Amino acid sequence: MKTINLHHPFEQSTIYGGDVVLALGFFDGVHRGHQAVIQAARDEADRLQLPLAVMTFNMAPRIMYQQIHPEGVTYLTTLAEKERLMTQLGVDYLYVTQLTSSFAALKPQEFVDQYMVGLHAKSVVAGFDYTYGKKDIANMRTLASHAAGRFNIIEVNKLSEDTSKVGSTEIRHDLNTGQIDKANQQLGYIYSIDGIVVHGEKRGRELGYPTANLMVAAESLIPVEGVYVVEMLLNGQVYPGVASIGTNITFGENRKRTVEIHLLDFKGEIYGEYVTVYWHKYLRPELKFDGIEGLIKQMDQDAVDAENYLESLQK
């Protein structure tokens, strides 16, 4: 897959020159609903024997249209993670459009002319709730009028499960309430966060449970505080572990939140390594213990619970 960054107005020389099938959306999380859109576009591209292009944005559209500060927005997938998932789904070209004032000022017809026709779309594929510009002005109901027969339109219906919509908002709620199992089911894969291992207080080592402290990108959505069953991808190999998200309240108040991972049956220094952590199951909330002995006993149980859970996945 080739990623192409677009800045409005883009030059034709910067894009793929031939006809494409174009899938549209922000695709935060690239969850099962998004996957249905991309698969429909992939099927259409195969039918027409054309490349599949996806157009997304460099940041959440609500930052621009609702004037939200970027520091207040987190994502289910960073751009790097989104690229990885798009590649797996068979996307040929990923257009990442920079949201700017000039781009946001485009009228619906201008957007269709410049970014659908302009990207040489023979078919445009989007979800039922896709909008371009202001929601009450331009959506899937108005697209046919703006398209004026210049390309086919494929609208993908809502994906629901247990009467609930499969969507980024719902998945964010699940991650923020410890419902990792539900979030993973809606995503269609195990939720992951990339980060770099950095030095911490080394308190876990003193307790017999050395941890890898993770520095995570500010825009990544970190699940709710608590203890989790995880796996860590390190240098091409996956290791089982227990993760703790919290402030280590046993050792004092008003402490900085950390993401710490204890790898089971692993020894070695991994500072500076770029890793991916896969979040399998929420075990328990962060607890405050009266002493070290109680904490160690609970950590022993957490390790056993994690091992048992990961072993059950193999059966």
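Computed from a prediction, not measured in an experiment: that's the story for all the values here.
- Two rings, from H280 and Y228, have their centers 6.0 Å or more apart.
- Of all heavy-atom pairs between I245 and P223, the closest is CD1-O, 3.7 Å.
- Taking 4.5 Å as the limit, some side-chain heavy atom of Q298 sits within range of a side-chain heavy atom of R284.
- Residues M232 and A212 share a closest heavy-atom pair of CE-CB, 4.2 Å.
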Could you give me the CA-CA distance, side-chain angles and deciding distance for Y93 and V54, then say whether side chain to side chain contact (heavy atoms under 4.5 Å, CB included) is met? CA-CA 6 Å; Y93 296 95; V54 170; over 6 Å; no
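- Hydrophobic clustering of Ile, Leu, Val, Met, Phe, Trp and Tyr side chains at less than 4.5 Å, counting indirect connections, keeps V238 apart from V230.
- Within the 4.5 Å cutoff, the side chain of L6 has heavy atoms near those of the T14 side chain.
- By the 4.5 Å heavy-atom criterion applied to side chains, T97 and M55 are counted as neighbours.
- The structure places CD of E155 at 9.0 Å from CZ of R141, a figure rounded to the nearest 0.5 Å.
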Show me, pair by pair, the donor-acceptor contacts under 3.5 angstrom made by side chains of residues 73-81, not counting sequence neighbours?
| unit_1 | atom_1 | unit_2 | atom_2 | d |
| --- | --- | --- | --- | --- |
| T74 | OG1 | R172 | NH2 | 3.1 |
| Y75 | OH | A60 | N | 3.0 |
| T77 | OG1 | D28 | OD1 | 3.4 |
| T77 | OG1 | G29 | N | 2.9 |
| T78 | OG1 | E81 | N | 3.3 |
| T78 | OG1 | E81 | OE1 | 3.4 |
| E81 | OE1 | T78 | N | 2.8 |
| E81 | OE2 | D194 | N | 3.3 |

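- Using a distance-only test at 3.5 Å, with no hydrogens or angles considered, no donor-acceptor pair links the side chain of R32 to the main chain of L159.
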Please evaluate residues I196 and L214 with respect to the criterion side chain to side chain contact (heavy atoms under 4.5 Å, CB included), reporting the C-alpha separation (whole Å), side-chain torsions for both, the decisive distance (0.1 Å), and the verdict. CA-CA 6 Å; I196 297 175; L214 205 62; 6.0 Å; no
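- Partners of H120 according to the ring pair (Phe, Tyr, Trp, His ring centres under 6.0 Å) rule, which considers only residues two or more places apart in sequence or in another chain, do not exist here.
- Using a 4.5 Å heavy-atom cutoff, the side chains of I137 and P108 are in contact.
- Although no hydrogens or angles enter the test, the distance criterion places a donor-acceptor pair under 3.5 Å between the side chain of E110 and the main chain of K107.
- E260 and T258 form a side-chain donor-acceptor contact under 3.5 Å, judged by distance and modelled atom types alone.
- What you find for A40 and V156 is that their closest heavy atoms are CB-CG2, 3.9 Å.
- Put simply, the side chain of L94 does not reach to within 4.5 Å of the side chain of I4, judged on heavy atoms.
- Nearest approach of P240 to L310, heavy atoms of both residues: CB-CD1, 3.3 Å.
- Rounding to the nearest 0.5 Å gives a distance of 5.0 Å between CG of L89 and CD1 of I38.
- Salt-bridge annotation for D302 and K297: absent, with no side-chain N of the basic residue lying under 4.0 Å from a carboxylate O of the acidic one.
- A ring-centre distance under 6.0 Å is not found for Y115 and Y95.
- One N or O on the side chain of D92 and one on the backbone of L52 form a donor-acceptor pair closer than 3.5 Å.
- When only modelled atom types and interatomic distance are considered, Q185 and D181 share no side-chain donor-acceptor pair under 3.5 Å.
- A donor-acceptor contact closer than 3.5 angstrom is absent between the side chains of Q98 and N5.
- In this structure, N184 contributes its side chain and Y191 its backbone to a donor-acceptor pair below 3.5 Å.
- When each of Y130, Y189, F27 is checked for a ring-ring contact (aromatic ring centres under 6.0 Å, His included) with H34, only F27 meets the rule.
- You'll find the side chain of V30 reaches within 4.5 Å of the side chain of K82, heavy atoms only.
- Partners of Y239 under the side chain to side chain donor-acceptor pair (under 3.5 Å) rule, at least two apart in sequence or in another chain, are Q237.
- Atom CG in L233 sits 11.0 Å away from atom CD in E273 (nearest 0.5 Å).
- In this structure, the side chain to side chain donor-acceptor pair (under 3.5 Å) partners of T177, at least two apart in sequence or on a different chain, are Q179.
- Listed by chain and residue number, nothing satisfies the ring pair (Phe, Tyr, Trp, His ring centres under 6.0 Å) test with Y278 (two or more places apart in sequence, or in another chain).
- The CD atom of Q301 lies 14.5 Å from the CD1 atom of I296; values are rounded to the nearest 0.5 Å.
- V166 is listed as a side-chain neighbour of Q186, based on a closest heavy-atom distance under 4.5 Å.
- Counting heavy atoms from C-beta outward, Q12 and I15 have side chains that approach closer than 4.5 Å.
- When the shell of 6.0 Å around CG of D265 is examined, it contains 12 or fewer heavy atoms from other residues, nucleotides or ligands.
- With rounding to the nearest 0.5 Å, the separation of CG in L313 from CG in N308 is 11.0 Å.
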List the atom pairs, donor and acceptor, that lie under 3.5 Å between side-chain atoms in residues 142-154 and the rest of the protein, sequence neighbours left out.
| unit_1 | atom_1 | unit_2 | atom_2 | d |
| --- | --- | --- | --- | --- |
| T142 | OG1 | Y132 | OH | 3.0 |
| T142 | OG1 | N139 | N | 3.0 |
| T142 | OG1 | N139 | O | 2.9 |
| H146 | ND1 | Y132 | OH | 2.7 |
| H146 | ND1 | T142 | O | 3.4 |
| R150 | NE | A147 | O | 2.9 |
| R150 | NH1 | D113 | OD1 | 3.1 |
| R150 | NH2 | D113 | OD1 | 2.7 |
| R150 | NH2 | H146 | O | 2.9 |
| N152 | ND2 | S123 | OG | 3.3 |

Assess whether side chain to side chain contact (heavy atoms under 4.5 Å, CB included) is satisfied between T211 and I261, documenting all intermediate values. CA-CA 5 Å; T211 59; I261 297 92; 6.0 Å; no
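- In terms of hydrophobic clustering, with Ile, Leu, Val, Met, Phe, Trp and Tyr side chains grouped at heavy-atom distances under 4.5 Å, Y309 and I190 are assigned to different clusters.
- By the neighbour-count criterion of 12 heavy atoms within 6.0 Å, atom CD of E71 is sparsely surrounded, having that number or fewer from other residues, nucleotides or ligands.
- For R47 and D43, the salt-bridge test fails: no basic side-chain N is under 4.0 Å from an acidic carboxylate O.
- Rounding to the nearest 0.5 angstrom, the gap separating the OG1 atom in T131 from the CG atom in D129 is 8.0 Å.
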